[in-house]
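Taking it in order: structure first as structure tokens, then the write-up.
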Amino acid sequence: MKRPIFSKWNIKSVNRKTAIAELLKLFSFQKTTEELLLTALETREQAEPTIVHDGIAMPHCRSILVDDFMIAIGKSEKGIPWPEKKVKVIILFITPVRPSGPEEHMKLIKHLAKLLRTDGAEKLLSADSPIEAASILKFTLQESNQNEQ
Amino acid sequence: MNNDLKRLISLHDLDVMISDLQNKDIRKQEKKLGLSPAAAVVELKKMRGELALLITRRNRNMYDQLASHYGNAVVPVIHERCSGCFTQLPTAFVASPDRNKQVETCPACGRFIYWCD
């Protein structure tokens, strides 16, 4: 699953909502689109925090506002209250709503579940760079994002 | 963007989220990740109810009818076409300076349409 991803290796936000917003900024959406996607992702988190491993959260949704996969990985050394537990790594993704159904979305979740259930989660938490994190997730870091530290 | 239109888009995304979490395969994968899709669906349905009440009754009823008929009640305009039925939209419609400032529907299929920024 070689998909391009964005990264932010030094998340400054100190709460869940602003951390998600900080990652959404990487995609350069227009303001309204960004707001609506933030609402969707935050709604999912309010229903159930998406902590998939100690220290790792995975905010995700499908939306009609995107026409391709949008994936970003973020890291915070201090940790972000999510809100009960602290999260150091965020894997955020938004997949498009296609007439064919949620098959692609399901495949991406399956891909991540498989990686995280093996030793991917620990590797990810100790990754030193966005390139290393992308490689652990078997994604490719966006060229425009390679200088992001 | 018109507030009702924003809420209709959010309602659509929320319905997609609920539907996904009720999908057998997605549920299975989410459970493998340690999540609880069934509990999330209960909460999301509550939130859906609250959001729907913020939409004008006319648009809310229309949304429900369109969603039950087509599956998707809100679609983007892509290359000047409704992406639900692929009908070319009238020029006057496309050139309007009020795009997204009011709730518009496709003249052919009736779905709510919005322009991507």
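Below, chains carry the letters A, B, ... as their sequence lines are ordered, and counting in each starts from 1. Side-chain atoms are counted along with the backbone in the values below, which use heavy atoms only and exclude waters and symmetry mates.
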Worked verdict on B:Glu30 versus A:His60 for side-chain hydrogen bond (donor to acceptor under 3.5 Å, both in side chains): CA-CA 11 Å; B:Glu30 295 243 345; A:His60 61 286; 2.7 Å; yes

Out of curiosity, [X] [atom1] to [Y] [atom2], how far, rounded to the nearest 0.5 Å?
X: B:Met1; Y: A:Thr32; atom1: CE; atom2: OG1; answer: 5.5 Å
X: B:Gln29; Y: A:His105; atom1: CD; atom2: NE2; answer: 11.0 Å
X: B:Asn23; Y: A:Glu103; atom1: CG; atom2: CD; answer: 8.5 Å
X: B:Asp13; Y: A:Leu37; atom1: CG; atom2: CG; answer: 7.0 Å
X: A:Lys110; Y: B:Lys32; atom1: NZ; atom2: NZ; answer: 6.5 Å

Any donor-acceptor N/O pair, A:Glu48 side chain to B:Ser36 backbone, under 3.5 Å: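 Side chain of A:Glu48 to backbone of B:Ser36, a donor-acceptor pair under 3.5 Å: yes, one is there.
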
From CA spacing to verdict: side-chain contact (heavy atoms from CB on, under 4.5 Å), A:Thr43, B:Leu44: CA-CA 8 Å; A:Thr43 300; B:Leu44 289 171; 3.8 Å; yes

Interface moiety of A:Pro99 toward chain B, non-hydrogen atoms closer than 4.5 Å: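 For A:Pro99, there is no contact with chain B at all, as no heavy atom is under 4.5 Å.
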
Residue A:Leu65 versus chain B: region with a heavy atom under 4.5 Å: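 Both the backbone and the side chain of A:Leu65 come within 4.5 Å of chain B.
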
Inter- and intrachain pairs under salt bridge (charged side-chain N to carboxylate O under 4.0 Å, His left out), touching residues 14-25 of chain B, at least two apart: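 Pairs touching residues 14-25 of chain B that pass the test: A:Arg62-B:Asp20, B:Asp15-B:Arg48.
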
Audit row: A:Arg44, B:Leu21, side-chain contact (heavy atoms from CB on, under 4.5 Å) steps and yes/no: CA-CA 11 Å; A:Arg44 175 69 177 89; B:Leu21 290 173; 4.0 Å; yes

For [X] against [Y], the heavy-atom pair lying closest together:
X: A:Ile109; Y: B:Leu33; value: CG2-CD1, 3.6 Å
X: B:Met17; Y: A:Cys61; value: CE-CB, 3.8 Å
X: A:Ala47; Y: B:Met47; value: N-CE, 3.6 Å

Segment of [X] engaging chain A (4.5 angstrom heavy-atom cut-off):
X: B:Val74; result: both
X: B:Leu14; result: side chain
X: B:Ile78; result: neither

Inter- and intrachain pairs under ring-ring contact (aromatic ring centres under 6.0 Å, His included), touching residues 48-90 of chain B, at least two apart: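 Applying ring-ring contact (aromatic ring centres under 6.0 Å, His included) to every pair that reaches into residues 48-90 of chain B, excluding sequence neighbours, yields nothing.
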
Contact leader toward chain A among B:Pro76, B:Ala40, B:Gly71, where contacts are heavy-atom pairs under 4.5 Å: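 So the answer, after comparing B:Pro76, B:Ala40, B:Gly71, is B:Ala40.
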
Within 6.0 Å of CG in A:Asp67, more than 12 heavy atoms from elsewhere: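 Atom CG in A:Asp67 is not packed in, count stays at 12 or less.
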
Pairwise side-chain contact, A:Pro102 with B:Ile26, heavy-atom cut-off 4.5 Å (strictly under):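 They are in side-chain contact.
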
Beyond-backbone contact of A:Glu35 with B:Lys6, side-chain heavy atoms, under 4.5 angstrom: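 Yes, their side chains come closer than 4.5 Å.
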
Single-linkage hydrophobic cluster B:Ile113~B:Val94, side-chain heavy atoms < 4.5 angstrom: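 Yes, B:Ile113 and B:Val94 fall within the same hydrophobic cluster.
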
Steps toward side-chain contact (heavy atoms from CB on, under 4.5 Å) verdict (B:Cys116, A:Thr33): CA-CA 8 Å; B:Cys116 302; A:Thr33 302; over 6 Å; no

Steps toward side-chain contact (heavy atoms from CB on, under 4.5 Å) verdict (A:Ile64, B:Val75): CA-CA 7 Å; A:Ile64 48 172; B:Val75 293; over 6 Å; no

